[in-house]
Amino acid sequence: MYEITVIPGDGIGREVMEAAINILDGLDVDFNFTYADAGDDCLEKTGVALPDETLDLVKASDACLFGAAGESAADVIVKLRQSLKLFANLRPVKSYPGTKALFDDLDIMIVRENTEGLYIANMEEETEDGAIAKRIITREAEERIIRYAFEYAKANGKTKVAGIHKANVLKKSDGLFKKILYEVAEEYKDDIITEDFYVDATSMYLITKGSEFEVIVTTNLFGDILSDEGAGLVGGLGFIPSANIGENNGLFEPVHGSAPDIAGKGIANPIAMILSAKMMLDYLGEKEAANKLENAVLKVLSEGKDVTPDLGGSSSTMEMSEAIKNAL
């Protein structure tokens, strides 16, 4: 039996989490779900956005499912990533049928470094003239994420890895990233083609020749931006799941936020959360169950009947969840 910590969080996080758990209960996999608090409501109730007991639960579990956090997101999800040393953030950009995807042939895995770069809060300071943010790039962290990307490609039958940087301007930090990319690439040259592109050019290439990408590896901020662009190409953030992977822990969450404008209405698209649960199944080694879940999602999306309003339907979040569960 797998011990899973469940953090619904704020806003639609609770609704999409309920939808995902409902489907997981329909699989032939044994889970013990332990619910924990974090987020804006938790902060208001306890004075802390991420209680120690929640962090301890996640550390002791086989995996964690996370819904969404509102204004306290930086104090919750960023702290979880750093405390648990979840160095790899996987964000698939994949075209699904029955969506508003601009392209029907995208299947890209963005592998984002999760622990350094510009997102480290204590590297930011105010000055008399304004503010300074320090971008920390270390050989250890970048080699680890680049190697992870190549191993992911090898394990999943991918033939190309693209390193994304801005080494023509950020000569020291991204220069180091590019150097390490090709050092690691030497070990995989018989199986994998290595490319590198500037991040600004990549923003265009995702639109003009996105189907040519298979695995993208990049630094923290660039990965965040490119994955949101990717979401726009495949129907929106409602279709982008993610995995945060470390040596000992895995945390799985939709990329979308708490969406307070639709929270409580029961109309949130649950696909990103459900596909995050699929990524958790892959992480746990339950490949058959993961494939079964994704095929059920494909069936419901292809039929287009039991889908939420953003997909042109009239179903509620839980009605869509039930349809996917019945399609398992």
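Starting from 1, each residue takes its place in the sequence as its number.
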Query - Any donor-acceptor N/O pair, Glu15 side chain to Gly266 backbone, under 3.5 Å - result: yes
Query raised in the report: Nearest heavy-atom pair of Gly67 and Met17: which atoms, and what distance?
Result: N-CE, 3.4 Å
Query - Lys158 backbone acceptor or donor facing Asn156 side chain under 3.5 Å - result: no
Query raised in the report: If we only count heavy atoms from C-beta on, is the Lys94 to Leu275 side-chain gap below 4.5 Å?
Result: no
Query raised in the report: Between Glu125 (side chain) and Thr127 (backbone), is there a donor-acceptor pair under 3.5 Å?
Result: no
**Report entry** Criterion side-chain contact (heavy atoms from CB on, under 4.5 Å) on Tyr152 and Met109, from CA distance to verdict
**Finding:** CA-CA 9 Å; Tyr152 175 89; Met109 179 59 78; 3.2 Å; yes
Report summary line: Of all heavy-atom pairs linking Pro51 and Val48, the shortest is N-CG1, 3.9 Å
Query raised in the report: Is Leu90 close to Tyr148 at the side-chain level, that is, under 4.5 Å between some pair of heavy atoms?
Result: yes
Report task. Find out if a path of hydrophobic residues (ILVMFWY) with successive side-chain heavy-atom gaps under 4.5 Å connects Ile7 to Met273. Result -> no
Query raised in the report: Between Asp174 and Lys178, is there a side-chain N and carboxylate O pair less than 4.0 Å apart?
Result: no
Query raised in the report: Is there a side-chain contact (heavy atoms from CB on, under 4.5 Å) between Val199 and Thr218 once you walk through the steps?
Result: CA-CA 9 Å; Val199 65; Thr218 189; 5.7 Å; no
**Report entry** Cationic N near anionic O, under 4.0 Å, Glu288 to Lys292
**Finding:** no
Query raised in the report: Which atom names give the shortest non-hydrogen contact between Ala69 and Ala73, and what distance separates them?
Result: CB-CA, 3.8 Å
Query raised in the report: What distance do Asn244 atom CG and Asn114 atom CG have between them, rounded to the nearest 0.5 Å?
Result: 5.0 Å
**Report entry** Crowding at CG, Asp105 (>12 non-hydrogen neighbours, <6.0 Å)
**Finding:** yes
Report task. Would you check if Val234 and Ser95 make a side-chain contact, meaning some heavy-atom pair closer than 4.5 Å? Result -> yes
Query raised in the report: Could you walk me through whether Arg147 and Glu143 pass the salt bridge (Lys or Arg N to Asp or Glu O under 4.0 Å) check?
Result: CA-CA 6 Å; Arg147 190 175 300 282; Glu143 183 173 341; 3.2 Å; yes
Query raised in the report: Taking the six-membered ring for Trp, is the centroid-to-centroid distance between Tyr96 and Phe239 below 6.0 Å?
Result: no
Query raised in the report: Could you walk me through whether Glu18 and Met318 pass the side-chain contact (heavy atoms from CB on, under 4.5 Å) check?
Result: CA-CA 8 Å; Glu18 182 184 3; Met318 286 307 296; 3.7 Å; yes
Requested in this report: Hey, can you tell me if His165 and Phe177 have their rings parallel, tilted or perpendicular (30° and 60° cut-offs)?
Outcome: tilted
Report task. Can you measure from CD1 (Ile77) to CD (Gln82) and round to the nearest 0.5 angstrom? Result -> 10.5 Å
Report task. Decide yes or no for Leu176 and Glu142: does some side-chain heavy atom of the first lie under 4.5 Å from some side-chain heavy atom of the second? Result -> no
Query raised in the report: Quick one: does Leu301's side chain get under 4.5 Å of Leu311's, heavy atoms only?
Result: yes
Report task. Report yes or no: do Asn220 and Glu116 form a side-chain donor-acceptor pair below 3.5 Å? Result -> no
Query raised in the report: Should Ile271 and Leu328 be counted in the same cluster of Ile, Leu, Val, Met, Phe, Trp and Tyr side chains packed under 4.5 Å apart?
Result: yes
Query raised in the report: Is the count of non-hydrogen atoms from other residues, nucleotides or ligands lying under 6.0 Å from Glu140 atom CD greater than 12?
Result: no
Query raised in the report: Do Leu284 and Ile4 come close enough that some side-chain heavy atom pair is under 4.5 Å?
Result: yes
Query raised in the report: Can you tell me if Thr5 and Glu3 form a side-chain donor-acceptor pair at under 3.5 Å?
Result: no
Query raised in the report: Leu43 and Glu71: side-chain contact (heavy atoms from CB on, under 4.5 Å), yes or no, with the steps?
Result: CA-CA 10 Å; Leu43 177 62; Glu71 295 299 317; over 6 Å; no
**Report entry** Within 45° cone of Phe222 ring axis and under 6.0 Å: Arg135 NZ or CZ
**Finding:** yes
Query raised in the report: So if you build clusters from Ile, Leu, Val, Met, Phe, Trp, Tyr with side-chain heavy-atom gaps below 4.5 Å, do Phe150 and Val111 land together?
Result: yes
Query - N/O donor-acceptor pair under 3.5 Å between Ser227 side chain and Asp224 backbone - result: yes
**Report entry** Pairing of Glu186 and Lys189 as salt bridge, 4.0 angstrom limit
**Finding:** yes
Report task. Give a yes or no on whether Ile108 and Leu102 share a hydrophobic cluster (residues Ile, Leu, Val, Met, Phe, Trp, Tyr; joining criterion: side-chain heavy atoms under 4.5 Å apart). Result -> yes
Query - Straight-line distance of Leu84 CG to Lys59 NZ, nearest 0.5 Å - result: 6.5 Å
Query raised in the report: Do the side chain of Asp306 and the main chain of Val300 share a donor and acceptor less than 3.5 angstrom apart?
Result: no
Requested in this report: Indicate yes or no for a side-chain donor-acceptor contact from Ser276 to the backbone of Phe252 under 3.5 Å, with no hydrogens or angles considered.
Outcome: no
Requested in this report: Working to the nearest 0.5 Å, report the span between CG of Asn168 and OH of Tyr198.
Outcome: 4.0 Å
Requested in this report: Can you measure from CD1 (Ile12) to CG (Asp261) and round to the nearest 0.5 angstrom?
Outcome: 8.5 Å
Report task. Kindly give the heavy-atom pair with the smallest separation between Gly238 and His256, and that separation in Å. Result -> CA-CD2, 4.5 Å
Query raised in the report: If you draw a 6.0 Å radius around CD in Glu151, do more than 12 non-hydrogen atoms from other residues or ligands fall strictly inside?
Result: yes
Requested in this report: Side-chain contact test, heavy atoms from C-beta onward, threshold under 4.5 Å: evaluate it for Thr194 versus Tyr188 and give yes or no.
Outcome: no
Query raised in the report: Leu65 and Leu251: same hydrophobic cluster, using ILVMFWY side-chain contacts below 4.5 Å?
Result: no
Query raised in the report: Do NZ/NE/NH1/NH2 and the carboxylate oxygens of Glu183 and Lys179 come within less than 4.0 Å?
Result: yes
Query raised in the report: With Ile145, which of Val184, Val217, Ile180 fulfils side-chain contact (heavy atoms from CB on, under 4.5 Å)?
Result: Val217
**Report entry** Minimum-distance pair of heavy atoms, taken over all atoms of Pro254 and Ala272
**Finding:** CB-CB, 3.6 Å
Query raised in the report: With a 4.5 Å limit on heavy-atom distance, are the side chains of Ile216 and Leu206 in contact?
Result: yes
Query raised in the report: Is it true that Glu212 and Lys160 make a salt bridge, defined as a side-chain N closer than 4.0 Å to a carboxylate O?
Result: no
Query raised in the report: Is the backbone of Ala268 close enough, under 3.5 Å, to the side chain of Thr317 for a donor and an acceptor to pair up by distance?
Result: yes
Query raised in the report: Does Ser302 use its side chain to pair, donor to acceptor, with the backbone of Leu298 at less than 3.5 Å?
Result: yes
**Report entry** Check: Asp75 main-chain N/O paired with Ser72 side-chain donor or acceptor under 3.5 Å
**Finding:** no
Requested in this report: Report yes or no: does Asp10 contribute a side-chain atom to a donor-acceptor pair with the main-chain N or O of Asp40 at less than 3.5 Å?
Outcome: yes
Query - Any side-chain donor near an acceptor of the partner, Thr308 and Asp310, under 3.5 Å - result: yes
Report task. Starting at CG of Leu86, measure out to CG of Asn248 and round the result to the nearest 0.5 Å. Result -> 9.5 Å
**Report entry** Closest heavy-atom pair and its distance - Ile192, Ala153
**Finding:** CD1-CB, 3.8 Å
**Report entry** Ser242 versus Arg112, side-chain donor and acceptor atoms under 3.5 Å
**Finding:** no
